[in-house]
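Reading through the structure tokens given below for one structure.
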Amino acid sequence: MRRVPDDPADVEACREAALTLLDAAARSSGALVKRLVDKGYDPVVSEDVVARLVEVHLIDDEEYARSIVRSCANRMLGFRGATMELKRKGVDDGLAQSVAAQAREQGVFEDAAWQLGRKVAAKTEGLELEVRRRRFWSAGGRKGHDPETLRRVAHELFDNREVD
């Protein structure tokens, strides 16, 4: 049973709820405001409370976004997959694009594509070449990798090593 606040405009109660939510898991400022409003707090009060938490550095959307991108890379997601995950987590679109672009420049998604390629290659060893390629391309597409990166990885892993 969900508890509705006695006074939706109670700043102290809203702050306590925000801190409790942050204790449970890191969140972006946008996601925290949405969660507080969903709990029944006034939207203006929720935004003010979250703005104060940002001001005192209890919430850092950029650092949060970077941690999400690291998590996405560990799950072998590409640029598109990471930006979708950032948006799903309530990160501002501009910040999501910026942080993902920085990661792309650092080669994070290229490394993730290679990791995915090696995993698929190991799992499909012994199968026909076309089946192996198709499975890699399918996995890469689902994970949000761009076609050019997938093409390079597929060529290196499957075309150069196969001598049937």
Side-chain angles (χ1 to χ4, degrees), residues 18-19 21-38 43 46-164:
L19 292 172
L21 288 168
L22 287 174
D23 276 346
R27 298 170 197 274
S28 68
S29 58
L32 186 56
V33 168
K34 182 182 181 327
R35 189 76 169 92
L36 291 169
V37 169
D38 288 349
S46 299
E47 288 176 15
D48 290 346
V49 164
V50 170
R52 177 67 181 143
L53 294 175
V54 168
E55 191 178 301
V56 297
H57 305 291
L58 289 177
I59 300 174
D60 182 345
D61 281 348
E62 190 168 342
E63 184 54 41
Y64 176 72
R66 283 192 185 109
S67 73
I68 296 300
V69 167
R70 283 190 298 273
S71 170
C72 289
N74 288 337
R75 292 171 28 219
M76 297 176 275
L77 296 182
F79 178 85
R80 193 179 76 248
T83 55
M84 288 172 57
E85 182 71 3
L86 287 165
K87 290 176 193 174
R88 189 181 72 75
K89 296 276 191 173
V91 175
D92 173 70
D93 189 45
L95 180 59
Q97 292 293 325
S98 172
V99 169
Q102 288 173 358
R104 179 172 45 199
E105 289 169 13
Q106 295 167 352
V108 170
F109 302 121
E110 179 89 14
D111 293 345
W114 278 99
Q115 184 180 359
L116 177 65
R118 286 189 293 272
K119 182 179 178 182
V120 170
K123 280 186 163 184
T124 60
E125 195 168 350
L127 297 177
E128 291 181 28
L129 180 59
E130 281 308 309
V131 171
R132 297 179 79 195
R133 279 193 199 121
R134 188 173 56 244
R135 289 191 183 171
F136 170 68
W137 275 89
S138 295
R142 283 190 308 273
K143 292 204 175 262
H145 288 283
D146 67 279
E148 186 55 40
T149 301
L150 293 176
R151 197 171 291 113
R152 276 194 313 276
V153 174
H155 176 72
E156 191 68 31
L157 286 176
F158 301 111
D159 297 343
N160 287 343
R161 295 191 178 185
E162 291 293 329
V163 265
D164 288 354

Query raised in the report: Which pair of non-hydrogen atoms, one from Val91 and one from Ala96, has the smallest distance, and what is that distance?
Result: CG1-N, 3.9 Å

Query raised in the report: Looking only at heavy atoms, what is the nearest atom pair of Leu157 and Gly117, with distance?
Result: CD1-C, 3.2 Å

Requested in this report: Indicate yes or no: does Lys34 engage Asp38 in a salt bridge with an N to O separation below 4.0 Å.
Outcome: yes

Report task. Would you check if Leu22 and Ile59 make a side-chain contact, meaning some heavy-atom pair closer than 4.5 Å? Result -> yes

Requested in this report: Would you name the heavy atoms of Ala154 and Trp137 that are closest together and state the gap between them?
Outcome: CB-NE1, 3.8 Å

Report summary line: For residues 90-109, the side chain to side chain donor-acceptor pair (under 3.5 Å) pairs (sequence neighbours left out) are Lys87-Asp93

Query raised in the report: Looking at CG of Asp60 and OG of Ser28, how far apart are the two atoms once the value is rounded to the nearest 0.5 Å?
Result: 11.5 Å

Query raised in the report: Is any side-chain heavy atom of Leu77 less than 4.5 Å from a side-chain heavy atom of Val69?
Result: no

Report task. Flag the pair Arg152 / Glu110 as yes when at least one side-chain heavy-atom distance between them is below 4.5 Å, and no otherwise. Result -> yes

Query raised in the report: At what distance, to the nearest 0.5 angstrom, does CG of Asp48 lie from CG of Leu36?
Result: 11.5 Å

Query raised in the report: What are the two closest heavy atoms between Thr83 and Ala100, and how far apart are they?
Result: CG2-CB, 3.5 Å

Query raised in the report: Rounded to the nearest 0.5 Å, how far apart are CG of Leu127 and CZ of Arg133?
Result: 13.5 Å

Report summary line: Rounded to the nearest 0.5 angstrom, the CZ-CG distance for Arg132 and Leu129 is 7.5 Å

Query raised in the report: Which value, rounded to the nearest 0.5 Å, describes the distance between Arg135 atom CZ and Lys123 atom NZ?
Result: 10.0 Å

Report summary line: One should read off an interatomic distance between Met76 CE and His145 NE2, to the nearest 0.5 angstrom, of 8.0 Å

Query - Nearest non-hydrogen partners of Asp61 and Ser29, listed with the distance - result: OD2-OG, 2.5 Å

Query raised in the report: Can you pull the side chain to side chain donor-acceptor pair (under 3.5 Å) pairs that have at least one residue in residues 62-72, sequence neighbours excluded?
Result: Glu62-Arg66, Glu63-Arg70

Report task. Could you check whether the rings of Phe79 and Phe109 sit parallel, tilted or perpendicular, using 30° and 60° as the cut-offs? Result -> perpendicular

Report summary line: Minimal heavy-atom distance between Ala18 and Val49, with the atoms involved, is CB-CG1, 4.1 Å

Query raised in the report: Should we count CD of Glu148 as having more than 12 external heavy atoms under 6.0 Å?
Result: yes

Query raised in the report: Do Arg80 and Asp146 have side chains that get closer than 4.5 Å, going by heavy atoms?
Result: no

